[in-house]
Amino acid sequence: MTASVIRRLRDVRMADVPEVGGKAANLGELFAVGVRVPDGVVLTATAAGLAAGDRRSLVGAGTGDLGVGPFAVRSSGISEDGAQHSYAGMFETVLDVARDDLPAAIDHVLGSARGARAAEYKSAAGEMAVIVQRMVKPVAAGVALTADPISGDRGSTVVTAVRGTADRLVSGSAFGDEWLVRERTAVARRRPETAIDRRQAVRIANEARRIAAARGAPQDVEWAIDTEDVLWIVQTRPMTALPPEVSWEAPARGAYTRMLRFGEWIAEPVTPLFESWLLTAMEDRMHAFFREEIGQIAPRPYHVVVNGWYFYSINFISGRALLRSLPGMLGHLIRTPRHLAGIMPPTVRYSIPVTERMWREDLQPRYRASVADAERRVEDLPIAELPAFIDELADLAGEYFGSIAALSGAAYKMEMNLARFYRRFLAPSLGGSHLPLLAGFDQPAATGRGALVSLDWSYALLQQDASATARDHGRVEEARHAAEEAAFEVLHSSPRRLRAFRRLLSDSQHVVPIREEQVSELTIAWPVMRRAVLRIGAWLAENSVISDADDVFFMTRKEVLQALDGKPSPEPIDVQGRRDRRAEQARLVPPSQVGHVNRMIEKLWASFPRLIGAVPSDRAIVSGVPASAGRATGSVRVIRQPDEFADLQPGEILVAPLTSPAWTPLFNRAAAVVTDVGSAAAHASIIAREFGIPAVVGCGDATSRLPTGMRVTVDGTTGNVEPASDGQSA
């Protein structure tokens, strides 16, 4: 009878799952392909029905040649560790079990299937088998995932590690080190425990990938390294609930990012009409503006769309593009040197007055007047004239966005200068950062009119509560004055340095309130453009081109113009299919950058957060740009859309793809703000400073790595989001 209820792990295979469970069968398959697995046995599901006394005698006989212990005792449900469900952590594991204590440990594991979750288990995982293995005494242990669980990238292996056994990691009581391994390159994302080194991370990833190749699917592999630096595989299971496998290869040469210009305003897959019409028109006019003002010629394409997500070109900073722009820039250097001064941080202060004057005296009044005129005309224009009407407004919006990019870019460079000065001359005495010096200027308030949710004009503007203002803006202003006085006192003994600081501070502070004023007016054209588009959509619906007026947002500009000209599309327009595809793409986690860039530019790009004051942390779950000073601890609340705004509770950490003017009232309730995209000049950065709450922006995938309910500490001074320490409170 012993042989029928106790089997050696090395002898079982997947065909034995009904008898030995998924976990034991997976381990048996590992033995078959030469993986180093601790020797052991499995008590089959039949054992669960035996009396405790009978089990005790069988355990003694079946484990005799495994030595004196200690042992690890684990569950192996019939459907556990399957391709559809893993049920990881549902049942008990008992480690460091002495031989005499094996029967009690087995009873304890079996008992975990008869507790509060028994009904759930019985309906899902089936009967229970139990594994008994020799216990590895690890110096480090952890888990290797052979696909990135956040992005779904099958070319990446994520290795997490803690010192000692992996139970702290598996239970969630420790975050551990995290390494991202691609081929033979390992990059540490965080190292709070320094449990393993780069060489070991690569070795673990290679073994995990070998197992995944043998098993034919991405694997969740639990491993341990003993005192002799021997790598053991403790268990493996198929990864479940992985994002679909997609390619993020750019369809054009060069590098493209979500972290600059239009990318900072778009946090979801773009709709076809927005991408092919408004977005393209704005980019064309913005780059024409740059060519007119500074002689810069950016190579096309200005953006790419990958899996529905928008990525803005950064190829204008490549050597080839700079050489092409050089003649025009030299001409501007002679004719309008102040315009060109905005390119470099050392000279940027000279460009701000002329850039601001152009906006205030020409572009701002011209934009306002054009939008006001458009509002009077939009309802009366013939349908055939609406495309040209939209083109005019899109062109103006692109010019206006170019002005924002110029002035916000100058402000960003000014902030770099201030941050550098603070780190060098003030931080040694005062600590902290420059950020409090750039807050407390304007009282942020909703306007009571429609506020922007997204640049994508498929979104209606959100009506705001005009009474939503900062809780204690006076406190932020007082903190700024105190920071200024402290800095003046430190520099008092060096008049030359004090004069330089006062000039730098004045220039930096001057542009802070201008940025949000300028940004808040960009979208005054959106309601009237959207109204024109919906008028076209209604006409197309009346003529049976589409079913509903708002289906027009899922057509391309070319398709719309052809339909208005009476030229039917050669193929039916599958609006619902495009809607469904966009909804699927919205569940993807896009990388921050696609394409390829040379190492010098990549290094320069990666340095920007540190220029603003970012400080690397081995404990960070995510890191980004330090945008608003201070620390706050609380529970995460992920908010992706306006219909979720009411879910944010006072004192929670707001984690969002980005924020826009429509999000401003949420800053009253949030203890801190964390975003996927954005820079020091983004809406979240500016508003968080005025509300006096910490902010970290441009984290890339914070909405995926920080689940709702997780307790974290946001450090807006260093740009890190870390697990909340025990006993820490908001």
Between N26 and T236: side-chain donor-acceptor atoms closer than 3.5 Å: no
Rounded to the nearest 0.5 Å, what's the gap from CD on Q219 to CD1 on I233? Could you check? 11.0 Å
Work out which heavy atom in G716 is nearest to a heavy atom in P626; give both atom names and the distance. O-CB, 3.2 Å
Under a 4.5 Å cut-off applied to non-hydrogen side-chain atoms, are D148 and L180 in contact? yes
Whether R154 side chain and P218 backbone form a donor-acceptor pair below 3.5 Å: no
dist N307:CG -> L588:CG (nearest 0.5 Å) comes out at 6.0 Å
As a quick check of understanding, evaluate side chain to side chain contact (heavy atoms under 4.5 Å, CB included) for I573 and M555, giving each step before the final call. CA-CA 7 Å; I573 300 170; M555 299 174 67; 3.6 Å; yes
With sequence neighbours excluded, tell me which residues meet ring pair (Phe, Tyr, Trp, His ring centres under 6.0 Å) with Y310. H303
Tell me the closest heavy-atom pair linking A563 and V545, and the distance in Å. CB-CG1, 4.2 Å
Looking at D284 and R300, is there a salt bridge between them, counting it only when a charged N and a carboxylate O are closer than 4.0 Å? yes
Please find the pair of heavy atoms, one from H683 and one from T659, that lie closest to each other, and give the distance. ND1-OG1, 2.7 Å
Could you check whether Q576 and R578, counting side-chain N and O atoms only, form a donor-acceptor pair closer than 3.5 Å? no
Decide yes or no on side chain to side chain contact (heavy atoms under 4.5 Å, CB included) for R190 and D177, but give the supporting numbers first. CA-CA 5 Å; R190 62 175 185 265; D177 303 341; 5.7 Å; no
Does any part of the side chain of V306, heavy atoms only, come nearer than 4.5 Å to the side chain of P251, both counted from C-beta? yes
Taking R669 for the side chain and Q649 for the main chain, is one N or O donor matched with an acceptor at less than 3.5 Å? no
Shortest non-hydrogen contact between A144 and I204, atoms and distance: CB-CG2, 3.9 Å
Taking C-beta and beyond as the side chain, do T713 and P723 meet within less than 4.5 Å on heavy atoms? no
Do side-chain atoms of T633 reach the backbone of A724 as a donor and acceptor pair under 3.5 angstrom? no
Using a strict 4.0 Å threshold on nitrogen-to-oxygen distance, state whether E584 and R579 make a salt bridge. no
Are R209 and E183 within salt-bridge range, i.e. N to O under 4.0 Å? no
Test E268 against S454 for side chain to side chain contact (heavy atoms under 4.5 Å, CB included), laying out the working first. CA-CA 9 Å; E268 65 283 310; S454 167; 3.0 Å; yes
d(T675 OG1, E264 CD) to nearest 0.5 Å is 9.0 Å
Passes salt bridge (Lys or Arg N to Asp or Glu O under 4.0 Å), D153 versus R182? Steps please. CA-CA 10 Å; D153 180 10; R182 291 186 63 87; 2.4 Å; yes
For the side chain of S628 and the backbone of I693, is there at least one donor-acceptor N/O pair under 3.5 Å apart? yes
Worked verdict on R711 versus E722 for salt bridge (Lys or Arg N to Asp or Glu O under 4.0 Å): CA-CA 9 Å; R711 283 186 60 78; E722 301 178 347; over 6 Å; no
Under 6.0 Å from the ring centre and within 45 degrees of the ring axis: does the NZ or CZ of R557 meet both conditions for the six-membered ring of W277? yes
Using modelled atom types and a 3.5 Å cut-off, is there a donor and acceptor pairing between side-chain atoms of D676 and backbone atoms of A702? yes
So do the side chains of W248 and V246 get within less than 4.5 Å of each other, counting heavy atoms only? yes
How far apart are the C-alpha atoms of Y459 and W526, what are their side-chain angles, what is the distance that settles it, and do they pass the ring-ring contact (aromatic ring centres under 6.0 Å, His included) test? CA-CA 10 Å; Y459 290 86; W526 262 242; over 10 Å; no
Salt-bridged, D580 to R587, with N to O below 4.0 Å? no
Within 45° of the six-membered ring axis of F316 and under 6.0 Å from that ring's centre, is NZ or CZ of R261 located there? yes
Without hydrogens or angle criteria, can the side chains of T157 and T146 be said to hold a donor-acceptor pair below 3.5 Å? no
Name the one of Y256, Y302, F401 that satisfies ring-ring contact (aromatic ring centres under 6.0 Å, His included) with F262? F401
Between T280 and E275, is there a donor-acceptor pair closer than 3.5 Å when you use the side chain of the first and the backbone of the second? yes
V673 vs I687 side-chain heavy atoms within contact, under 4.5 Å: no
Is there a side-chain contact between D647 and I639, using heavy atoms and a 4.5 Å cut-off? yes
When rounded to the nearest 0.5 angstrom, what distance separates CG in D456 from OG1 in T271? 3.5 Å
Shortest non-hydrogen separation from V453 to W663 and the atoms involved: O-NE1, 4.3 Å
Salt bridge (Lys or Arg N to Asp or Glu O under 4.0 Å) involving R258 - partner list, sequence neighbours excluded: none
Please assess V696 against T718 for the test side chain to side chain contact (heavy atoms under 4.5 Å, CB included), listing each intermediate value before the final yes or no. CA-CA 8 Å; V696 179; T718 64; over 6 Å; no
So, K23 side chain and Q235 main chain: donor-acceptor pair closer than 3.5 Å or not? no
W309 and I266, any side-chain heavy atoms less than 4.5 Å apart: no
Got a second to check how far F553's CZ is from L273's CG, nearest 0.5 Å? 7.0 Å
Quick one: do R619 and D715 make a salt bridge, cutoff under 4.0 Å? no
Hey, what do you get for CG (D220) to CD1 (I211), rounding to the nearest 0.5 Å? 11.0 Å
What heavy-atom pair brings S685 and A627 nearest, and what distance separates the two atoms? OG-CB, 3.3 Å
Measuring only between side-chain heavy atoms, which start at C-beta, is L522 closer than 4.5 Å to I404? yes
Test item: D701 side-chain N/O and V589 main-chain N/O as donor-acceptor pair under 3.5 Å: no
